Colleague: 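For reference, the structure I am asking about is given below.
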Amino acid sequence: MAKIKKIYLDYAATTPVDSRVVKAMLPYFSEKFGNTMSLHSFGQEVKEVLEESREVVADLIGAKPSEIFFTSSATESNNLALKGVIEANRKRGHHIIISSIEHPCVRESATWLESQGFEITRLKVDKYGLVNPRDVEKAIRKDTILVSVIHASNEIGTIEPIGEIGKICRDKKIYFHTDAAQSFGKIPIDVNKLNIDLLTASSQKMYGPKGAGCLFVREGVKISPILHGGGHESGLRSSTVNIPAIVGFSEAVKICKKLMKTESQRITKLRDKLIKGVLVKIPDSHLNGHPAKRLPNNANFWFEFIEGESIIIQLDLLGVAASTGSACSSAKLEPSHILLAIGLKPQEAHGSLRLSLGRWTKESDINYVLKILPKIIKKLREISPFKHGYK
Ligand SMILES: Cc1ncc(COP(=O)(O)O)c(C=O)c1O
């Protein structure tokens, strides 16, 4: 049997670790393994490396090193941002504003806070998934503590007007948090120009290892820890610091910074070829998300009359890894809340396909997808119970 090509087009779910990152991490497992809190030389040498890594990560977004707090993941950073700010500012109010297209770790944190007596406003988005900054302004109340709007959607790739939202929050003296897990290292971010008070990032989405993330917290923002313990990370995030993962994260940041411009131009070109090819070759296909204000690596479609899961299985049989819905919700049968929020009907949202590109995507990979996908869709439509339309 001929060997099938293996093509990974699910970089939004997670990225492979760059070999330069692996090399940088290796000494920190067995040679330089100390605990950053130890006073002896084993501890002190890694403490120095921890602070260098903090400088590298801070530099990418124009932050001060003292404003970067390492965590284990974007999920942890988002939980800390929402719960930590709310806890520290209880006296100021009880109201939080989020968008209706947040990642589950923001959405579920907000729902939990709601169960604890806080009030949540969930802002609607337009058909492209864009939050209207005027809606943020209108939703702000006297007792609003925090606004949290994702920077770029993990699912449909739309980039939100976070600069405008940040400005509104700054003028109204309300904290502004953004989940930048998908954009960090891929597009430029300046926390000062964008008036961001808190920002979440994740190493595993930008060619670093799993197990590292960070929360940027602007100096002066009141925030309480959600993990209590030995007082690591200036008391905001106790637990022995995961030095190999943080070293890998900072190496990944260095590489992303160096490659950002050329990499995003190259990937955007491939993405546009993919989007155009799919929309031209496949009848009744639609692009989800904004045509221009979107992440360089994201292409998300919905195809009439078929199920996304069946497309994923067929693509996988032919060697292509993709996703339907978001990586985290694709194991569930419910339609994605993001696709519903942009106005798709549940049966339409079920026919979605996300192809996310990355550092090792080649033009031949895109050509291959453009060759096999139209045939897959045609075959699935022939056997679809919805082939004559939805009832
Ligand atoms: C926008 C966004 N936020 C948060 C997360 C959670 O990231 P992690 O799994 O690193 O906690 C993801 C992962 O898919 C994401 O895309």
Side-chain angles (χ1 to χ4, degrees), residues 1-22 154-157 182 186 204-210 259 263-264 266-289 294-333 336 339 349-384:
M1 209 170 98
K3 208 172 162 211
I4 311 172
K5 282 166 121 28
K6 279 265 189 190
I7 295 174
Y8 187 73
L9 287 176
D10 204 11
Y11 281 84
T14 193
T15 53
V17 181
D18 193 299
S19 58
R20 291 163 284 190
V21 169
V22 175
N154 45 302
E155 202 166 320
I156 57 174
Q182 292 288 342
K186 297 191 190 119
Q204 55 105 358
K205 305 283 190 198
M206 30 104 61
Y207 315 102
K210 292 162 184 63
L259 300 184
E263 188 158 72
S264 78
R266 188 187 77 82
I267 293 175
T268 301
K269 230 165 122 188
L270 292 180
R271 178 204 69 187
D272 289 346
K273 178 174 183 173
L274 176 64
I275 292 176
K276 195 167 161 217
V278 166
L279 297 180
V280 167
K281 286 177 173 226
I282 305 178
D284 301 317
S285 61
H286 310 267
L287 179 70
N288 289 321
R294 71 184 305 130
L295 285 169
N297 71 329
N298 174 293
N300 190 311
F301 307 96
W302 74 272
F303 301 100
E304 295 185 33
F305 319 130
I306 45 174
E307 288 273 321
E309 279 82 1
S310 336
I311 312 173
I312 301 302
I313 293 165
Q314 295 298 317
L315 278 172
D316 194 38
L317 287 172
L318 294 171
V320 177
S323 108
T324 179
S326 77
C328 319
S329 65
S330 61
K332 298 183 196 162
L333 281 177
S336 134
L339 298 177
H350 272 306
S352 81
L353 172 70
R354 181 185 69 184
L355 296 162
S356 46
L357 290 60
R359 188 164 288 164
W360 294 283
T361 306
K362 300 194 285 287
E363 187 160 13
S364 58
D365 300 336
I366 302 302
N367 294 340
Y368 180 66
V369 171
L370 289 175
K371 195 170 111 195
I372 61 168
L373 190 59
K375 291 181 199 159
I376 292 176
I377 304 288
K378 187 164 179 281
K379 187 171 124 192
L380 290 173
R381 279 185 179 151
E382 279 163 9
I383 54 166
S384 165

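All values reported here derive from a predicted model rather than from experimental measurement.
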Colleague: Which one of Thr324, Asn300, Asn288 satisfies the side-chain hydrogen bond (donor to acceptor under 3.5 Å, both in side chains) criterion with Ser352?
Modeller: Thr324
Colleague: Please table the atom pairs, donor to acceptor, closer than 3.5 Å between any side-chain atom in residues 365-374 and protein atoms at least two apart or in another chain.
Modeller:
from   : atom 1 : to     : atom 2 : distance (Å)
Asp365 : OD2    : Lys362 : N      : 2.8
Asn367 : OD1    : Lys273 : NZ     : 2.8
Tyr368 : OH     : Leu318 : O      : 2.8

Colleague: Among pairs that include at least one residue of residues 310-322, which meet side chain to side chain donor-acceptor pair (under 3.5 Å), considering only residues two or more places apart or in two chains?
Modeller: Gln314-Lys379
Colleague: Who pairs with Arg20 by salt bridge (charged side-chain N to carboxylate O under 4.0 Å, His left out), at least two apart in sequence or on another chain?
Modeller: Asp18
Colleague: What closest approach, in Å, do Ile267 and Pro296 show between heavy atoms, and which atom pair accounts for it?
Modeller: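 Heavy atoms only, the tightest pair is CG2-O, 3.5 Å.
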Colleague: With distance as the sole test, does Asn298 use its side chain to make a donor-acceptor pair with the main-chain N or O of Glu155 at under 3.5 Å?
Modeller: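 Confirmed, Asn298 side chain pairs with Glu155 backbone.
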Colleague: Would you say the side-chain atoms of His286 and Glu304 include a donor-acceptor pair closer than 3.5 Å?
Modeller: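 Looking only at side-chain atoms, Glu304 and His286 do form a donor-acceptor pair, the distance falling under 3.5 Å.
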Colleague: Are any of the side-chain heavy atoms of Ile313 and Glu307 separated by less than 4.5 Å?
Modeller: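 Counting from C-beta outward, Ile313 and Glu307 never come under 4.5 Å.
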Colleague: Mind checking salt bridge (charged side-chain N to carboxylate O under 4.0 Å, His left out) for Lys281 and listing every partner two or more places apart, or none if nothing turns up?
Modeller: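 Applying salt bridge (charged side-chain N to carboxylate O under 4.0 Å, His left out) to Lys281 gives none.
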Colleague: Using the test side-chain contact (heavy atoms from CB on, under 4.5 Å), find all partners of Ser356 that sit at least two apart in sequence or belong to another chain.
Modeller: Asp10, Tyr11, Ala12, Asn297, Arg354
Colleague: Output yes when a side-chain donor or acceptor of Thr15 lies under 3.5 Å from a complementary backbone atom of Gln204, and no otherwise.
Modeller: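 Such a contact is found between Thr15 side chain and Gln204 backbone.
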Colleague: Taking salt bridge (charged side-chain N to carboxylate O under 4.0 Å, His left out) as the definition, give me every residue that meets it alongside Glu263, ordered by chain and number, with sequence neighbours left out.
Modeller: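 Once residues adjacent in sequence are excluded, the partners of Glu263 under the salt bridge (charged side-chain N to carboxylate O under 4.0 Å, His left out) criterion are Arg359.
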Colleague: Go through the steps for Leu380 and Phe305 under the test side-chain contact (heavy atoms from CB on, under 4.5 Å), then give the verdict.
Modeller: CA-CA 9 Å; Leu380 290 173; Phe305 319 130; over 6 Å; no
Colleague: Where do Ile311 and Gly351 come nearest, in terms of heavy atoms and distance?
Modeller: CD1-O, 4.5 Å
